[in-house]
Amino acid sequence: MNRFAVLVFTLLAVATSTAANAIDPTTAYEGQRLFVSHCQLCHGPDGKGDGPLARNLGLQMIDLTLTVRARSETMLRTIISGEGGPIVTGRDRHNILTDAMPNWGEVFSDQQIDALIAYMRFLGSAKHELMGDPEKGARLYRKYCAVCHGEEGYGDGVMTRLIDLEPADHTNSVTMNRLSNEELIAFILEGNGEYMPAWEGILERDEVEALVSYIRLLSQ
Ligand code: HEC
Ligand code: HEC
């Protein structure tokens with residue numbers, strides 16, 4: 001390949017990866033939606049294992065938030081899809097697929113499984129509870145915040161092309177985790193600096209809580 005071809009290839013790769021970032025179906029936010037509709041029945045809303053169907057069936061559930069850290073991507077993918085197993089036999093019973101855990105391989109795409117894994121990773125590392133309804137938060141975020149913070153929270157909304165402002169990157173888990181839920185709520189209600197508006201009087205408290213939980217799920 002000559003240098004020109006390499007350059008074109010590189011530019012194409014950058015262009016496609018940016019396009020993929022624009023609508024990312026693999027975020028913890030998407031995973032949370034799938035988890036609530038398909039997994040909490042047994043695993044409970046927080047993955048702690050107290051789902052209503054598990055109670056009906058008398059299943060002994062473990063706390064996902066504790067086990068997920070020790071699980072590799074491949075292992076989680078195999079457990080969820082049910083494909084590629086049996087994984088490991090031996091004393092660790094959680095390495096064996098149980099009949100009670102459905103095989104989701106035919107239901108979900110690879111991207112959806114990525115999203116589920118991202119959400120389980122979030123459950124395993126989250127420092128702050130999700131206090132509001134993230135779906136409501138997502139709607140409000142698109143409506144009021146994306147213009148500056150970007151649809152996906154990277155801090156690259158259209159406003160950044162028009163005026164010289166630098167919105168916070170809401171996908172940065174290091175900086176976002178430093179702030180408690182109450183600090184984020186105060187920040188949103190009171191605003192900051194020249195360009196972060198104060199939303200007091202425009203948004204209700206429960207709407208701000210919903211926004212905070214959506215922002216938490218954007219963290220990577
Ligand atoms: C019908 C009940 C049921 C549903 C619904 C269900 N699971 Fe499970 N799952 C189980 C059981 C039972 C186990 C094995 C016992 C345990 O690990 O708690 C398990 C185990 C797991 C494990 C392994 C935990 C570990 O580290 O040992 C993962 C990961 C998991 N499930 C993910 C999911 C995901 C993601 C969904 C939704 C797409 C889901 N499960 C839906 C019953 C269920
Ligand atoms: C007009 C542009 C603009 C809009 C609209 C906007 N923001 Fe901001 N936001 C900013 C800027 C700029 C900053 C960085 C402020 C600073 O430097 O402290 C910021 C910072 C933040 C922070 C602080 C995070 C941190 O790490 O310090 C949060 C949280 C936040 N915005 C939430 C929101 C929410 C929620 C909305 C929608 C309801 C919103 N913003 C709408 C421009 C905006």
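Since the structure is predicted, the reported quantities are computational estimates derived from the model, not experimental observations. Throughout, residue positions are numbered sequentially from 1 according to the sequence presented.
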- Message: Set out, in order, the CA-CA distance, both residues' side-chain angles and the distance that settles side chain to side chain contact (heavy atoms under 4.5 Å, CB included) for H43 and F35, then state yes or no.
- Response: CA-CA 9 Å; H43 290 282; F35 197 91; 3.8 Å; yes
- Message: Using the ring pair (Phe, Tyr, Trp, His ring centres under 6.0 Å) criterion, which residues pair with Y195? Sequence neighbours excluded.
- Response: none
- Query: How many angstroms lie between atom CD of E183 and atom NE2 of H128, to the nearest 0.5 angstrom?
  - Reply: 8.5 Å
- Is the distance between the ring centroids of F108 and H38 less than 6.0 Å? yes
- Query: Crowded around N56 CG? As in, over 12 foreign heavy atoms under 6.0 Å?
  - Reply: yes
- Message: I need the full list of salt bridge (charged side-chain N to carboxylate O under 4.0 Å, His left out) pairs touching residues 201-212, with sequence neighbours left out, sorted by first then second residue.
- Response: K136-D206, E182-R205, R205-E209
- Note on the structure: Residues passing the side-chain contact (heavy atoms from CB on, under 4.5 Å) test with T175, sequence neighbours excluded, are N172, R178
- Item | Straight-line distance of L116 CG to L34 CG, nearest 0.5 Å | 5.0 Å
- Query: Is there a side-chain contact between D46 and Q40, using heavy atoms and a 4.5 Å cut-off?
  - Reply: no
- Message: Test of understanding: clusters of I, L, V, M, F, W, Y form through side-chain heavy atoms closer than 4.5 Å, transitively. Do I185 and I202 belong to the same one?
- Response: yes
- Message: Can you confirm whether L130 sits close enough to F122 that some side-chain heavy atom of one is under 4.5 Å from a side-chain heavy atom of the other?
- Response: yes
- Item | Partner set under side chain to side chain donor-acceptor pair (under 3.5 Å) for Y141, not counting sequence neighbours | H170
- Message: R121: which residues meet the side-chain contact (heavy atoms from CB on, under 4.5 Å) condition with it, sequence neighbours left out?
- Response: V68, E73, L76, I117
- Task: Look up atom CG in D114 and atom OG in S109, then write down how far apart they are to the nearest 0.5 Å.
- Result: 8.0 Å
- Task: For residues H149 and D156, determine if any side-chain heavy atom of one lies less than 4.5 Å from a side-chain heavy atom of the other.
- Result: no
- Query: Does T160 reach the side chain of C148, with side-chain heavy atoms less than 4.5 Å apart?
  - Reply: no
- Any chance you could measure K48, atom NZ, to I62, atom CD1, to the nearest 0.5 Å? 12.0 Å
- Note on the structure: Between the CG atom in L184 and the CE atom in M131, the distance rounded to the nearest 0.5 Å is 9.5 Å
- Residue pairs passing the salt bridge (charged side-chain N to carboxylate O under 4.0 Å, His left out) test where at least one lies in residues 123-133, sequence neighbours excluded: none
- Under the side chain to side chain contact (heavy atoms under 4.5 Å, CB included) rule, what do I79 and R71 come out as? Steps first, then yes or no, please. CA-CA 10 Å; I79 293 173; R71 296 263 182 243; 3.8 Å; yes
- Taking atom OH of Y119 and atom CD of E30, what is their separation to the nearest 0.5 Å? 13.0 Å
- Does T26 have any side chain to side chain donor-acceptor pair (under 3.5 Å) partners at least two apart in sequence or in another chain, and if so, which? D24
- Message: Check whether N103 reaches the backbone of G105 with its side chain - one donor and one acceptor, N or O, closer than 3.5 Å.
- Response: no
- Qualifying residues under side-chain contact (heavy atoms from CB on, under 4.5 Å), relative to S37, sequence neighbours excluded: none
- Partners of S173 by side chain to side chain donor-acceptor pair (under 3.5 Å), sequence neighbours excluded? none
- Query: Do S125 and R69 come within less than 4.5 Å of each other through their side chains, counting heavy atoms only?
  - Reply: no
- Task: Sequence neighbours left out, what passes side chain to side chain donor-acceptor pair (under 3.5 Å) with T65? Give chain and number order.
- Result: D63
- Sequence neighbours excluded, the answer for ring pair (Phe, Tyr, Trp, His ring centres under 6.0 Å) partners of W199 is Y144
- State, with a plain yes or no, whether a side-chain heavy atom of L218 is found less than 4.5 Å away from one of M176. no
- salt bridge (charged side-chain N to carboxylate O under 4.0 Å, His left out) pairs touching residues 140-149, sequence neighbours excluded, are R142-E151
- Any link between L66 and M120 through a network of hydrophobic side chains (Ile, Leu, Val, Met, Phe, Trp, Tyr) touching at under 4.5 Å? no
- Any I113 side-chain heavy atom under 4.5 Å of S81 side chain: yes
- Message: Between W104 and V107, does the side chain to side chain contact (heavy atoms under 4.5 Å, CB included) criterion hold? Intermediate values first, please.
- Response: CA-CA 5 Å; W104 300 95; V107 177; 4.2 Å; yes
